[in-house]
There are 2 protein chains.
Amino acid sequence: MASKPRRPIPDATVSRLPIYQRVLDDLQSRDVATVSSEDLAELAGVNAAKARKDLSFLGSYGIRGVGYEVDYLLFQIRHALGLTQQWPVLIVGVGNLGRALADYAGFTTRGFPVAALVDDDPAKIGTEHVGIEIHPLADLAALVRDLGIAIGVIAIPSSGAQRVADLLVEAGVSSILNFAPAVLSVPDDVHLRQVDLAVELQILSFHRQRGQRETDQIDVDRGPH
Amino acid sequence: MASKPRRPIPDATVSRLPIYQRVLDDLQSRDVATVSSEDLAELAGVNAAKARKDLSFLGSYGIRGVGYEVDYLLFQIRHALGLTQQWPVLIVGVGNLGRALADYAGFTTRGFPVAALVDDDPAKIGTEHVGIEIHPLADLAALVRDLGIAIGVIAIPSSGAQRVADLLVEAGVSSILNFAPAVLSVPDDVHLRQVDLAVELQILSFHRQRGQRETDQIDVDRGPH
DNA sequence: GACCGCTTGTGAAACGCTGCACATGGTTGC
DNA sequence: GCAACCATGTGCAGCGTTTCACAAGCGGTC
């Protein structure tokens, strides 16, 4: 209530806040009390002016001549990101990717405990993974309701992704993280984010080729191809 | 050689080209010969004008009054992305995430065959995963050289990520895709992309909370609008 | 208690991206 | 062969983001 953002926080800033949080977590665990925008920016891999401007959207929490108090800044970032409470997530698809996500320590430690696993493979249903029982797809709506799931993660092949997204929306999930390489359509009030692993490689490929074209002109010293 | 981009292709466009490619792949497999910018944009989840502008950076490959020839456009996109040849990748870390990536069909079908797996767990070394032998970390440089690896994928916990990145760079890899939640530093001529799974959830959390705050004030009419 | 050095917070300029609106030019039908 | 139609390609204006440069403010020092 007290901290209503006067200016709305830009999307670009929001996408960097988790990075600052991670860096600050690390500093905190090493008992560092304060940090300057320059050091923080260095650790986060950004420009110092950008870091200051990003943090200024949260409020004026720095001390001139000194820097930012690590503990307090961490609290403010968590608050801005809505991480003052835990958000249980449900993962659909317990293949290698689903298991990797369920195991991923970063989820739980950052306030996103994996509360439920769902799959449609009869051989998997009823078994457990890291202590979490695997439920059939039909139980999805009940799980969302009973566990207070706010975020659904889609980790299945793209052919079934839209159907699962529809199920999640219908069950009342308000945010979806999709790993299937498919464009999903969801209502406007549902937040959808897309992580496409192959896209990242293709972007690398583009830059690689572009760099090589330049060096083509100068010389070629790529070993045996 | 003939098609040297007069204007450099903007980053934002590059990041969308793989999406167009995926959509066009799908159209091609359904024997669709031509597609309009409007239909393509719809399938890719973007604005029609944006799609046209994106494609115009590749050259003038559309036919006014008709649309784009699917086969030809696909070829041009592949060419622009440097996907006219295969780029073998090496994955470091054969945990659940590494296995998920090795299994991921999207890699191979898009020209990025997984050519080598590396891990430092003695229990895993020498065993195989989907027919690919797991090598010790010490073999990294030799594998890169012998297999002509251009892209390295880091799928290990963040504590060892920088060390592995250094090894990859030293071995001559020019592009790195990092899944470890850590900021890595590499030379300027090495391309680095970061995929941070927890960051995506935190961004969702932010928007979720913001949406809730707004509706708190007005009232709730979540239903179909 | 005044000064000096240091770091924050921010106006403003530069840059890149988006989306509209329309001229351009190819195709089809008569 | 001409006209009507249609979808592309792009000039331009608006918007968000980045970056610079500097005033404002805090803490330590003499």
Side-chain angles (χ1 to χ4, degrees), chain A residues 3 5-20 23-24 27 32-74 76-77 80 203 206-207 210, chain B residues 3 5-20 23-24 27 32-74 76-77 80 203 206-207 210:
Chain A
S3 65
R6 324 212 136 280
R7 298 168 290 188
I9 303 180
D11 286 345
T13 295
V14 171
S15 69
R16 282 186 297 265
L17 288 180
I19 313 293
Y20 300 135
V23 170
L24 289 166
L27 290 173
V32 177
T34 62
V35 65
S36 70
S37 64
E38 194 161 353
D39 291 350
L40 178 61
E42 162 90 28
L43 292 168
V46 301
N47 180 296
K50 198 190 298 193
R52 282 202 298 278
K53 183 147 280 187
D54 282 343
L55 298 179
S56 77
F57 285 110
L58 306 181
S60 202
Y61 299 136
I63 307 164
R64 290 167 195 237
V66 178
Y68 299 86
E69 195 187 335
V70 172
D71 288 355
Y72 188 51
L73 189 55
L74 252 179
Q76 291 296 346
I77 290 179
I203 294 173
F206 171 82
H207 287 114
R210 214 172 61 117
Chain B
S3 64
R6 324 213 135 278
R7 299 168 288 188
I9 304 180
D11 286 346
T13 295
V14 171
S15 68
R16 282 187 295 267
L17 289 179
I19 313 293
Y20 300 134
V23 169
L24 289 166
L27 290 173
V32 177
T34 61
V35 63
S36 69
S37 63
E38 195 160 353
D39 291 350
L40 178 62
E42 162 89 28
L43 291 168
V46 301
N47 180 295
K50 198 189 300 194
R52 283 202 296 279
K53 185 152 282 190
D54 282 341
L55 298 179
S56 77
F57 284 109
L58 306 182
S60 203
Y61 298 136
I63 307 162
R64 291 169 195 237
V66 177
Y68 298 87
E69 195 186 335
V70 172
D71 289 353
Y72 190 51
L73 188 55
L74 253 179
Q76 291 297 346
I77 290 178
I203 295 173
F206 170 82
H207 287 114
R210 214 173 60 118

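Below, read A as the first sequence line, B as the second, and so on, with proteins coming before strands; counting in each chain starts at 1. Everything quoted here is computed from the prediction, not taken from an experiment.
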Heavy atoms only: give me the nearest [X]-[Y] pair and the separation to one decimal.
| X | Y | value |
| --- | --- | --- |
| A/V46 | A/Y20 | CG2-OH, 3.8 Å |
| A/T34 | A/V32 | O-CG1, 3.3 Å |
| B/F57 | B/P10 | CZ-CG, 3.7 Å |

**Prompt:** Mapping A/D11 and B/R64 onto DNA chain D by nearest heavy atom, which one lands closer to the 5' end?
**Reply:**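 First, find each residue's nearest nucleotide; the 5'-ward one identifies B/R64.
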**Upstream residue (5' side of DNA chain D) when A/V66 and A/P10 are each assigned their closest nucleotide** =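 Comparing both residues, the 5'-ward one is A/P10.
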**Request:** Measure the CZ-CD1 distance between B/R16 and A/I203 for me, rounded to the nearest 0.5 Å.
**Result:**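 That separation rounds to 10.5 Å.
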**Prompt:** About how many Å separate CG of B/L55 and CD1 of B/I77, when rounded to the nearest 0.5 Å?
**Reply:**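 So the gap between those two atoms works out to 6.0 Å.
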**Request:** Could you list where the contact with chain A starts and ends along DNA chain C, reading 5' to 3', using a 4.0 Å heavy-atom cut-off?
**Result:**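 That gives a stretch of C/dC6 to C/dA12.
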**Asked** Reading DNA chain D 5' to 3', which nucleotide is the first, and which the last, to come under 4.0 Å of any heavy atom in chain A?
**Response**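 First-to-last contact on DNA chain D, by the 4.0 Å heavy-atom rule, is D/dT17 to D/dG27.
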Please set out all donor-acceptor pairs under 3.5 angstrom arising from side-chain atoms of residues 64-74 of chain A, sequence neighbours excluded.
| from | atom 1 | to | atom 2 | distance (Å) |
| --- | --- | --- | --- | --- |
| A/D71 | OD1 | A/Q28 | NE2 | 2.8 |
| A/Y72 | OH | A/Q76 | NE2 | 3.2 |

**Message:** Do A/L40 and A/S37 have side chains that approach each other closer than 4.5 Å (heavy atoms only, starting at C-beta)?
**Reply:**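 Result no, sub-4.5 Å side-chain heavy-atom pair not found.
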**Asked** Are A/L17 and A/L58 close enough that some pair of their side-chain heavy atoms sits under 4.5 Å apart?
**Response**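 Yes, at least one pair of side-chain atoms sits under 4.5 Å.
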**Non-neighbouring partners of A/D11 that pass side-chain contact (heavy atoms from CB on, under 4.5 Å), sequence neighbours left out** =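 A/D11: side-chain contact (heavy atoms from CB on, under 4.5 Å) contacts with B/H207.
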**Request:** Mind checking side-chain contact (heavy atoms from CB on, under 4.5 Å) for B/A49 and listing every partner two or more places apart, or none if nothing turns up?
**Result:**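 Only B/N47, B/R52 meet the side-chain contact (heavy atoms from CB on, under 4.5 Å) criterion with B/A49.
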**Prompt:** By a strict heavy-atom criterion of less than 4.0 Å, which residues belonging to residues 39-54 of chain B are in contact with DNA chain C?
**Reply:**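 Within this stretch, B/N47, B/A49, B/K50, B/R52, B/K53 sit under 4.0 Å of the strand.
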